Peer 1: 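Before I ask anything, here is the structure I am working with.
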There are 2 protein chains.
Amino acid sequence: MDPQPFHDHDHHQCSDAVMSQAEASLAASGARLTPVRRRVLEILLEAHRAMGAYDVLQRLAAEGYGNQPPVAYRALDFLVEHGLAHRIQRLNAFAACMHPGEAHAPAFLICRVCDTVAEAPAAPVRAALDGAAADLGFTVERASIEALGLCPACREPS
Amino acid sequence: MDPQPFHDHDHHQCSDAVMSQAEASLAASGARLTPVRRRVLEILLEAHRAMGAYDVLQRLAAEGYGNQPPVAYRALDFLVEHGLAHRIQRLNAFAACMHPGEAHAPAFLICRVCDTVAEAPAAPVRAALDGAAADLGFTVERASIEALGLCPACREPS
DNA sequence: CTTGACGCGTTATGATATTACATACATAGA
DNA sequence: TCTATGTATGTAATATCATAACGCGTCAAG
């Protein structure tokens, strides 16, 4: 079963699973998961949320790491480059990838009430986009697909 | 024929058409196209590009309008609210809407070489996205769909 | 002719992100 | 082991993007 933010799940297990996948994925590519990078990923994994770079930085600083923006941005950029995190343009923020290692071009579903961010399988969306672009002669290389709305939990009056 | 950035077109006519549509659209809603707002729209229309708020501001300032950020942001926000311009999240920038008045939820195609921004019809894309979201119980309210890639002109070695 | 809504101008500040350079650390080769 | 090399981290300074808060001018309704 996939990590799935919108429903009850054992979050500890969910995070651990992602961390393991992340480690495996990195080992395969020869990149190093240094303490700062690992810690940043853990911080992102604490919630199914997007966090701003400065929020992450504050956490790092409190734990004795550097307290200047590049410390956070470098780790975040590393995670994004290696597919362990995503940048959410709409929020100027970052979220842990819930499916590291798998090739995927996700769409992000952002709940405007609880700020939860989920990844939806976007292959069909991407196909539609590629088609629309092709009609205009445009070749899509990278796409950001981000939706703002209501997650199941916030939709129903609990 | 639609305004279509990626192909040769009479740009003067293209801009004029959009301005007329914009005026009509605003008149219908009772909102006012003041000099600053009009000028900002004209500036955005000069190129099929996204411009940063500060770029617009510089232009305004050079023409004797205010030279502080809120002057630009207010006009830009107004245009966006009234469907005359779009914010391109990926670029932290704004582009004139090429189909004002028409209800549309566009996808943006951004050429990474010439920076041209075009709007593609996104109804099928949006449908696919709604579907993927619905599978997770998520209700999409607003979506940003932005693609980075190569426009037809930049794709072919001229 | 007042009043109230709106648009514009300005100051100040906040939030996000990068450049540039210095220091430390790991590791492979001599 | 020693040292050279690349990579990671730390820090200062600055660039870029965005908003809050306030005051003034204009214009139309009452």
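Note that the structure is a prediction, hence the values are computed from the model and not measured. Proteins get letters first, then strands, A, B, ... in listed order; numbering begins at 1 in each.
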Peer 1: Verify, without hydrogens or angle tests, whether A:R37 (side chain) and A:R32 (backbone) share a donor-acceptor contact under 3.5 angstrom.
Peer 2: yes

Peer 1: Distance check needed: D:dT9 P versus A:L60 CG, whole Å only.
Peer 2: 10 Å

Peer 1: Does a nitrogen or oxygen in the side chain of B:Y73 sit under 4.0 Å from OP1 or OP2 of D:dA18?
Peer 2: yes

Peer 1: Tell me, with the steps shown, if A:L44 and A:L84 meet side-chain contact (heavy atoms from CB on, under 4.5 Å).
Peer 2: CA-CA 10 Å; A:L44 290 182; A:L84 306 182; over 6 Å; no

Peer 1: Would you kindly compare B:Y65 and A:D55 by the position of their nearest DNA chain C nucleotide and give the one closer to the 5′ end?
Peer 2: B:Y65

Peer 1: Separation of A:L33 atom CG from D:dT9 atom C1', in whole Å?
Peer 2: 15 Å

Peer 1: Check this one for me: any side-chain N or O of A:T34 less than 4.0 Å away from OP1 or OP2 of D:dT7?
Peer 2: no

Peer 1: Determine whether more than 12 heavy atoms belonging to other residues, nucleotides or ligands lie under 6.0 Å from atom CD of B:E23.
Peer 2: yes

Peer 1: What integer distance in Å separates A:Q68:CD from D:dA8:C1'?
Peer 2: 16 Å

Peer 1: Using every non-hydrogen atom in the two residues, find where B:P106 and B:H86 come nearest and quote the distance to one decimal.
Peer 2: CG-CE1, 3.7 Å

Peer 1: Using only atom types and a distance under 3.5 Å, with no angle test, would you say the side chain of A:H9 pairs donor to acceptor with the backbone of A:H7?
Peer 2: yes

Peer 1: Report yes or no: does B:H11 contribute a side-chain atom to a donor-acceptor pair with the main-chain N or O of B:L45 at less than 3.5 Å?
Peer 2: yes

Peer 1: Taking the nucleotide of DNA chain C with the closest heavy atom to each, which residue, A:D77 or B:N67, is nearer the 5' end?
Peer 2: B:N67

Peer 1: Expected output is a numbered-order residue list: members of residues 35-45 of chain B with a heavy atom under 4.0 Å from any atom of DNA chain C. What is it?
Peer 2: B:V36, B:R37

Peer 1: Where along residues 83-96 of chain A does a heavy atom fall under 4.0 Å from DNA chain D?
Peer 2: none

Peer 1: Mapping A:F78 and A:V71 onto DNA chain D by nearest heavy atom, which one lands closer to the 5' end?
Peer 2: A:F78

Peer 1: Okay, side chain of A:R49, backbone of A:C114: is any donor-acceptor separation there less than 3.5 Å?
Peer 2: yes

Peer 1: Could I get a table of every N or O pair under 3.5 Å where one atom is in the protein and the other is in nucleotides 22-30 of chain D?
Peer 2:
none

Peer 1: Counting N and O atoms only, with roles assigned by atom type, does the side chain of A:E119 sit under 3.5 Å from a partner on the main chain of A:M98, one being a donor and the other an acceptor?
Peer 2: yes

Peer 1: What is the distance, to the nearest angstrom, from the CG atom on A:L26 to the C1' atom on D:dA8?
Peer 2: 15 Å

Peer 1: What I want to check is whether an N or O donor and acceptor connect the side chain of B:Y54 with the base of D:dA15 at under 3.5 Å.
Peer 2: no

Peer 1: Between B:H82 and B:S25, does the side-chain contact (heavy atoms from CB on, under 4.5 Å) criterion hold? Intermediate values first, please.
Peer 2: CA-CA 8 Å; B:H82 290 79; B:S25 167; over 6 Å; no

Peer 1: Judged by each residue's nearest nucleotide on DNA chain D, which is more toward the 5′ side, B:P69 or A:P70?
Peer 2: A:P70

Peer 1: Could you tell me the separation between the CG atom of B:L57 and the C1' atom of C:dC8, rounded to a whole number of Å?
Peer 2: 13 Å

Peer 1: Of all the heavy-atom pairs spanning A:A75 and A:V40, show the shortest one and how long it is.
Peer 2: CB-CG2, 3.7 Å

Peer 1: What's the shortest heavy-atom distance between A:A122 and A:A105, and which atoms?
Peer 2: CB-O, 2.9 Å

Peer 1: Does a salt bridge link A:D130 with A:R126, judged by any charged N lying under 4.0 Å from a carboxylate O?
Peer 2: yes

